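Structure, as structure tokens:
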Amino acid sequence: MEREKALQLVKEQITEHRYQHTLGVVETSIWLAEKYGADVKKAELAAIFHDYAKFRPKEEMKEIIIREKMPKDLLEHNEELWHAPVGAYLVEKEAGVEDPEVLDAIRYHTSGRVNMTLLEKVIFLADYIEPGRKFPGVEEVRELAKQSLDKALIKSLQNTILFLMKKNQRIYPDTFHTYNDLLLKLEESDT
Ligand code: DGI
Ligand code: FE
Ligand code: FE
């Protein structure tokens with residue numbers, strides 16, 4: 001799909017603020033894809049659509065999660081997690097995006113997962129460090145992103161887990177599993 005067509009479809013779904021965030025994710029994911037050798041066109045498309053479902057009503061997302069037999073444990077965890085798998089589903093159904101790698105990058109952009117692909121890592125990290133992001137610690141992750149995709153991802157997951165814990169929020173197990181998986185692989189590659 002053409003960049004302009006995709007952007008137009010997304011713009012209708014989200015707020016102006018979220019659209020500006022999306023443009024930041026697009027720019028950053030193209031940079032990361034070029035730097036680390038991911039498919040730039042796929043990264044661009046996944047970035048454009050990554051928050052497509054962000055403003056869908058909670059009830060609609062819940063219904064889709066149940067009907068489409070998405071992991072049931074999603075429903076026990078923060079609703080903020082839902083727009084990622086629901087987004088992958090709707091982007092295929094409504095926007096006609098069929099590439100499974102692009103859809104997986106959208107599906108796992110919030111929780112991460114074990115054995116993330118290069119494209120999934122690019123989108124996950126770009127979402128965290130795009131220029132509009134202001135949260136504490138983001139600058140450190142931006143610096144790490146210049147040297148190591150995995151080290152930057154690990155730090156972003158650490159920050160997110162600590163942030164959620166400080167707010168007494170439960171942590172979705174896949175987020176922990178992603179963190180452990182990346183750290184284990186990094187340790188193995190260092191030895
Ligand atoms: O949609 P965005 O705001 O651009 O970013 P996102 O898709 O990464 O959503 C992040 C939000 O999800 C953030 O406010 C934290 C929240 N969240 C709640 N529980 C979890 C979680 N994020 C992760 N990774 N794991 C959780 O268990
Ligand atoms: Fe998101
Ligand atoms: Fe986002």
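Keep in mind that what you see is a predicted model, and the values were worked out from it rather than measured. Position 1 is the first residue of the sequence, and the numbers go up from there. In each ligand, atom 1 is the first atom listed, and ligand 1 is the first ligand listed. The figures here come from the full heavy-atom set of this structure, side chains too, leaving out hydrogens, waters and symmetry mates.
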Next item on the list: Could you tell me whether N78 approaches ligand 1 through its side chain, its backbone, both or neither, with non-hydrogen atoms closer than 4.0 Å?
Entry: side chain

Item checked: Closest protein heavy atom to atom 10 (C) of ligand 1, given as residue, atom name and distance to 0.1 Å -> T110 CG2, 4.0 Å

Checklist line | CG on L164 to OG1 on T160, rounded to 0.5 Å | finding: 6.5 Å

Next item on the list: Would you mind running through ligand 1 and noting each atom that sits below 4.0 Å from a heavy atom of Y172?
Entry: 26 (C), 27 (O)

Notebook entry, point to check: Around the Fe ion (ligand 3), how many protein N, O or S atoms are there at under 2.8 Å?
Noted result: 4

Check: Given E80, Q169, R133, H109, which one has a non-hydrogen atom that is nearest to atom 11 (C) of ligand 1?
Finding: E80

Margin query: Looking only at side-chain N and O atoms, does N180 offer a donor or acceptor that is under 3.5 Å from a partner on K185?
Written below: no

Next item on the list: Would you mind checking which non-hydrogen protein atom is closest to atom 25 (N) of ligand 1, with the distance to 0.1 Å?
Entry: T175 OG1, 2.8 Å

Item checked: Numbered atoms and elements of ligand 1 in range of H83, under 4.0 angstrom, heavy atoms -> 1 (O), 7 (O)

Notebook entry, point to check: Can you check whether Y172 and H77 have ring centres sitting under 6.0 Å from each other?
Noted result: yes

Checklist line | Any residue meeting side chain to side chain donor-acceptor pair (under 3.5 Å) with E130, in chain and number order, not counting sequence neighbours | finding: H21

Check: Mind checking whether H50 has an N or O less than 3.5 Å away from an N or O of ligand 1?
Finding: no

Notebook entry, point to check: Side chain, backbone, both or neither: which part of R18 comes within less than 4.0 Å of ligand 1 when only heavy atoms are counted?
Noted result: side chain

Checklist line | Stepwise side-chain contact (heavy atoms from CB on, under 4.5 Å) test for Q13 and V10 | finding: CA-CA 5 Å; Q13 297 288 326; V10 162; 5.6 Å; no

Margin query: Would D127 count as being in polar contact with ligand 1, using the rule that some N or O on each side must be under 3.5 angstrom apart?
Written below: yes

Check: Less than 4.0 Å between a side-chain N and a carboxylate O, is that true for R113 and D104?
Finding: yes

Next item on the list: Please could you name the atoms of ligand 1 that I171 approaches to less than 4.0 Å, counting only its heavy atoms?
Entry: 27 (O)

Item checked: Lys/Arg-Asp/Glu bridge criterion (N-O < 4.0 Å) met for K54, E80 -> yes

Margin query: Around atom CD of E12, are there more than 12 heavy atoms from other residues, nucleotides or ligands closer than 6.0 Å?
Written below: yes

Next item on the list: Taking the six-membered ring for Trp and the single ring otherwise, decide whether the centroids of H50 and H83 are under 6.0 Å apart.
Entry: no

Check: CD of E68 to CG of L90: how many Å apart, nearest 0.5 Å?
Finding: 9.5 Å

Margin query: Looking at E16 and K11, is there a salt bridge between them, counting it only when a charged N and a carboxylate O are closer than 4.0 Å?
Written below: yes

Notebook entry, point to check: Going by the order shown, which atoms of ligand 1 are within less than 4.0 Å of some heavy atom of H21?
Noted result: 4 (O)

Check: Which one holds for L157 and ligand 1: side chain close, backbone close, both close, or neither close, with close meaning a heavy atom under 4.0 Å?
Finding: neither

Next item on the list: Using a strict cut-off of 4.0 Å, indicate which atoms of ligand 1 neighbour a heavy atom of K54.
Entry: 1 (O), 2 (P), 3 (O)

Checklist line | Qualifying residues under salt bridge (Lys or Arg N to Asp or Glu O under 4.0 Å), relative to R142, sequence neighbours excluded | finding: E139

Note to self: Starting from atom 20 (C) of ligand 1, what is the nearest protein heavy atom, named by residue and atom, and what distance separates them?
What the structure shows: L164 CD1, 3.4 Å

Item checked: Within-cutoff protein neighbour (heavy atom, under 4.0 Å) for atom 16 (C) of ligand 1 -> yes

Notebook entry, point to check: Going by the ring-ring contact (aromatic ring centres under 6.0 Å, His included) test, which pairs reach into residues 131-167, not counting sequence neighbours?
Noted result: Y128-F135

